[in-house]
Amino acid sequence: METSVLKKIWLSSPHMGGTEEDYVREAFASNWIAPLGPNVQHFENSIEEFIGNNVHAACLSSGTGAIHLALELLGVGQGDEVLCQSFTFSASANPITYLGASPIFIDSEEETWNISPELLEKAITDRLDEGKKPKAIVAVHLYGMPYKVDEINTISRKYDIPVVEDSAEALGSTYKGFKCGSLGNLGILSFNGNKIITTSGGGALLTKDDAMKKKAVFLATQARDNAPHYQHSHIGYNYRMSNVLAGIGRGQMEVLGDRVAARRHNFEYYKEHLSAIEGISFLEEMEGSKSNRWLTCILTPSFGTRERIRLALENENIESRPLWKPMHLQPVFSTAMSYTNGVSRDLFERGLCLPSGSNLELADLERICAIIKKEVA
Ligand SMILES: *Cc1c(COP(=O)(O)O)cnc(C)c1O
């Protein structure tokens, strides 16, 4: 059979709920075709209501832009150092360099695959010994799995270094009953096309401080001073979200609960059908944590097995992807400082993300599992 006739299964594709087009039509009908308007307001309100924990949301054009603004709001600038989880997508780290600062990459612990509290504290004390205090910590709930929030916040408070909580992959995840995005000094979300809900492209900055939100919106709209003419005392950005795209976001928020349930169901299905295979394992939740299971990841016994599975799926028109390649192994960050323990390198070599969209059908999951079983069982 030719691969072209097999139905394509994507890793994580957009999944509209149905009302998105109504809100987009509203934007057209009212001529709010601009980076402000009622949809932006409504979308922000529904994010605030969903996340709770007294959070204010500023909708932006991307999650990357949100991290950039978060770091700027925390005072990161030229020559500063920022501690950043190494096992992540490059967007967690790139904005550090936009500001002329340098990342120091921190490897992961094995329980959540996220930033290791031990290595983080080691890096901080080393830098303090050198007379240099890092300006911020970027911690990531990778694949939707909450990092060790209490441990990281304890270190943050002990050394007075604020945390940017990268929740781009973790909308709908919770830690001890609190929604991810509300657990750091500043939080960020992404609504890129492959995330759990999408506006095609977009993001948000989350803060408990209303003045901070106002400052974020000010910077995101070219930092205009209060004057009838265009006057500027700060360098600004064009980072605000379009009212057209916010209409998509409004509709997506109505189905977010269903999307989390569907992704968690995918995980349970894979676990039920694949965990009997020797050597294949899944990341479990820590007590008190609930992952949105944005992507289901498996660990295989070796790089070779991982590649065999990936290529067997690809051969049948099914997209899967190796786990993120850690930032400390990326050519572009080859001169950056790092604190490593081998955990993220091993995850990268042996791990694979399976198709995890909320729009997968039972037949898709059956097809995927059958291929994997045939390949390695
Ligand atoms: C997607 C993502 C981002 C960036 O979001 P964009 O909206 O694509 O700019 C940041 N961090 C992580 C971990 C992500 O997965």
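One-based numbering, in listed order, for ligands and for the atoms of each.
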Legend entry - Heavy atom of Gly201, distance to ligand 1 below 4.0 Å: no
Legend entry - Closest to atom 3 (C) of ligand 1 among Gly193, Ala168, Ser167 (heavy-atom distance): Ala168
Inset, instruction - Using the six-membered ring wherever Trp is involved, compare the ring planes of Phe43 and Phe191 and label them parallel, tilted or perpendicular (cut-offs 30° and 60°). - result: tilted
Inset, instruction - Verify, without hydrogens or angle tests, whether Glu349 (side chain) and Phe303 (backbone) share a donor-acceptor contact under 3.5 angstrom. - result: no
Legend entry - Proximity flag Gly203 to ligand 1, non-hydrogen atoms under 4.0 Å: no
Inset, instruction - Just jot down the ligand 1 atoms closer than 4.0 angstrom to any heavy atom of Ala91, in number order. - result: 3 (C), 4 (C), 10 (C)
Inset, instruction - Using only heavy-atom distances, determine whether the side chains of Asn292 and Arg263 contain a donor-acceptor pair under 3.5 Å. - result: no
Legend entry - Subset of ligand 1 atoms that lie under 4.0 Å from at least one heavy atom of Gly202: 7 (O)
Inset, instruction - For ligand 1, note which part of Ile188 has a heavy atom under 4.0 Å away: side chain, backbone, both or neither. - result: neither
Legend entry - Per atom 15 (O) of ligand 1, closest listed option by heavy atom (His141, Glu169, His68): Glu169
Legend entry - Numbering as shown, the atoms of ligand 1 that approach Val140 to under 4.0 Å (heavy-atom distance): 13 (C)
Legend entry - atom 1 (C) of ligand 1: the protein heavy-atom neighbour that sits closest, reported with distance to 0.1 Å: Lys195 NZ, 1.6 Å
Legend entry - Main-chain N/O of Ser116 paired with Asp107 side-chain donor or acceptor, under 3.5 Å: no
Inset, instruction - Please work out whether any backbone atom (N, CA, C, O) or any side-chain heavy atom from C-beta onward of Asp166 is under 4.0 Å from ligand 1, and answer side chain, backbone, both or neither. - result: side chain
Inset, instruction - Give the ring-plane orientation class for His232 versus Tyr230, where under 30° counts as parallel, over 60° as perpendicular and anything between as tilted. - result: tilted
Legend entry - Contact check: Thr88 vs ligand 1, nitrogen or oxygen atoms, below 3.5 angstrom: no
Inset, instruction - Could you tell me whether Ser62 approaches ligand 1 through its side chain, its backbone, both or neither, with non-hydrogen atoms closer than 4.0 Å? - result: both
Inset, instruction - Kindly compute the distance separating CZ (Arg308) from CZ (Arg310), expressed to the nearest 0.5 Å. - result: 13.5 Å
Inset, instruction - For Ser92, counting its heavy atoms only, list the atoms of ligand 1 lying under 4.0 Å from any of them. - result: 11 (N), 13 (C)
Legend entry - Distance filter under 4.0 Å to Asn192 heavy atoms, resulting ligand 1 atoms: 8 (O)
Inset, instruction - Consider every N or O of Ser190 and every N or O of ligand 1, then say whether any pair is closer than 3.5 Å. - result: yes
Inset, instruction - Fit a plane to each ring of Trp324 and Trp294, take the angle between them on a 0 to 90° scale, and name the class: parallel (under 30°), tilted (30 to 60°) or perpendicular (over 60°). - result: parallel
Legend entry - Parallel, tilted or perpendicular: ring planes of Tyr269 versus His273, cut at 30 and 60 degrees: parallel
Legend entry - Asp225: side chain to side chain donor-acceptor pair (under 3.5 Å) partners, not counting sequence neighbours: Ser233
Legend entry - Residues which pass side-chain contact (heavy atoms from CB on, under 4.5 Å) with Ser242, listed by chain and number, not counting sequence neighbours: Val244, Leu245
Legend entry - Ile298-Ile9 co-clustered via ILVMFWY side chain contacts under 4.5 Å: yes
Inset, instruction - With heavy atoms of Thr64 as the reference, note each atom of ligand 1 found under 4.0 Å away. - result: 4 (C), 5 (O), 6 (P), 9 (O)
Inset, instruction - Indicate yes or no: does an N/O atom of Gly63 lie under 3.5 Å from an N/O atom of ligand 1? - result: yes
